[in-house]
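First comes the structure, then the notes that go with it.
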There are 2 protein chains.
Amino acid sequence: MEADNSRTEEYLESIYKLQEEQHPVSTSRLAEHLKLQAPSVSEMVKKLAGKGLVFHSEKGVCLTDEGKSLAKKVIRRHRLSERLLTDVLGFKWDEVHDEACRLEHAISPEMEDRIAESLGNPKTCPHGHPIPDRDGKLIKEKVKPLSELKAREKGIIVNVFEEDPKMLKYLASLGLMPDVCVKVEEVAPFGGPLIVCVAGSRYALGREVASKIKVK
Amino acid sequence: MEADNSRTEEYLESIYKLQEEQHPVSTSRLAEHLKLQAPSVSEMVKKLAGKGLVFHSEKGVCLTDEGKSLAKKVIRRHRLSERLLTDVLGFKWDEVHDEACRLEHAISPEMEDRIAESLGNPKTCPHGHPIPDRDGKLIKEKVKPLSELKAREKGIIVNVFEEDPKMLKYLASLGLMPDVCVKVEEVAPFGGPLIVCVAGSRYALGREVASKIKVK
DNA sequence: TCATAAAATTAGGCATGCCTAATACAATAT
DNA sequence: ATATTGTATTAGGCATGCCTAATTTTATGA
Ligand SMILES: [Mn+2]
Ligand SMILES: [Mn+2]
Ligand SMILES: [Mn+2]
Ligand SMILES: [Mn+2]
């Protein structure tokens, strides 16, 4: 019988994303991201470890090579789905996450390839994250959070590390999207907001938000 | 929490399709179509009845209005998915069933509408079956099986009641697809094959196969 | 070092949906 | 009417993945 891997895929995908922030991923962070209770995650992580997909130490959870490879496949399907949704079906970037989160588990390798081909092998998802190629290779650009720029510095937005639709809609309304040039006008002290200039307009941006926007 | 309706959807979809052949659907027929054991179906049917989606009498299983409405929604998503796969992604008609069978459970009403819109509101799936509209309305053409045509009669293929990829591939290789005109040259006696003429070529077709091809 | 707080796991359950084996129910044919 | 045959259900299990409550482990800070 055909196994349903969607929960496994969901976990691996979350672990992959979270480890980009901080390496061994804590089960509590994972639970929060997956919107599950901690014991559920504890248990599932144990099963994933048993299948050789993750390594679980006192520090937290790491993906094994096999787990990483599977995670990248899921992420490829997720990001290709997002592109299909925006480029072909006309969705906005804030509307695609949940849809893609379901599609990613339903797409065969053939469909994955056909989407990539039909769209001209896109390099990134609508949020600027790289789409792994069929063999799991992906190019990570060297970036830093917008929040780390100093006054008068500017950067080009590479990607936005955010999934919340409301936040994405807000950012789009300010024109804060990949490939856009942002200039930091001022940085308020004591963790205060940044004053940024985008396409001729000025906005005050909280540090929290600015840290999600990665620039080069 | 978000319920996973995919099994319910699968059952309702199967019941809907099977009842087009013979009205109250037997649990054994349903089990066969779903590739499950009979007791699994017995049990699930009981649950569906409990939810008011089917009515279960001695004769077999029937959809309630609510069940029928839900079934048509799933079928709409299935057929729209098939069209997306063939028209946008370049799949062949024999490659789309399984893929669509997974996609149909992952597609939101918004995506469903977007697909329909992007494709110019197609009326049928690649196999010629009608796509219900958003309100569940669908136009069934009056058709008869090709196997019921007499010698020298001709008809235009409306749809093909078949899901098996090998059979579909075979039919496509003979040019037996919706909108194609077929002429029955001869009908061999005693349930023997039909000799048909399609686009200038002659083929012998088994009765079984011919009964799946519906013409007008 | 010892108390307290935070993080993680264990224990015990539950819902869903599948299975096999056994049993009950129908329809036929003798 | 009764034996046979096929259809359907009941009984009893199992796997998966989630939950709450209780407990254990680890970290922190007085
Ligand atoms: Mn997902
Ligand atoms: Mn994305
Ligand atoms: Mn399906
Ligand atoms: Mn079809």
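Lettering of chains follows the sequences in order, A, B, ..., and the numbering in each one begins at 1. Computed from a predicted model, the values in this text were never measured in an experiment.
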#### Entry: Most 5' of B:Ala38 and B:Glu43 on DNA chain D, judged by nearest nucleotide
B:Ala38
### Query
Mind checking which nucleotides bracket the chain A contacts on DNA chain D, 5' to 3', with an atom under 4.0 Å from a heavy atom?
D:dG17 to D:dA21
### Task
Kindly indicate whether the side chain of B:Leu176, heavy atoms from C-beta on, has any atom under 4.5 Å from the side chain of B:Ile157.
yes
### Query
Can you tell if the side chain of B:Thr124 reaches within under 4.5 Å of the side chain of B:Arg79, non-hydrogen atoms only?
no
### Message
Tell me the interatomic distance from A:Leu34, atom CG, to C:dA8, atom C1', rounded to whole angstroms.
### Response
16 Å
### Query
Please give, in whole Å, the distance from C:dA26 P to B:Lys59 NZ?
12 Å
### Message
Assess whether a salt bridge exists between A:Arg29 and A:Glu32, defined as any Lys/Arg side-chain N lying under 4.0 Å from an Asp/Glu carboxylate O.
### Response
yes
### Query
Per the salt bridge (charged side-chain N to carboxylate O under 4.0 Å, His left out) rule, which among B:Arg76, B:Arg83, B:Arg134 passes with B:Glu112?
B:Arg76
### Query
Can you tell me how far CG of A:Asp98 sits from CG of A:Leu85, rounded to the nearest 0.5 angstrom?
11.0 Å
### Query
What about B:His127 and B:His97, are their ring centers closer than 6.0 Å?
no
### Residue-level proximity of residues 9-33 of chain A to DNA chain D when a heavy atom falls under 4.0 Å
A:Tyr11
### A:Phe161 six-ring face occupied by A:Lys214 cation (under 6.0 Å, within 45°)
yes
#### Entry: Donor-acceptor pair between A:Ser108 and B:Glu99 side chains, under 3.5 angstrom
yes
### Query
So what does B:Lys46 touch, heavy atoms closer than 4.0 Å: a base, only the sugar-phosphate, or nothing?
sugar-phosphate
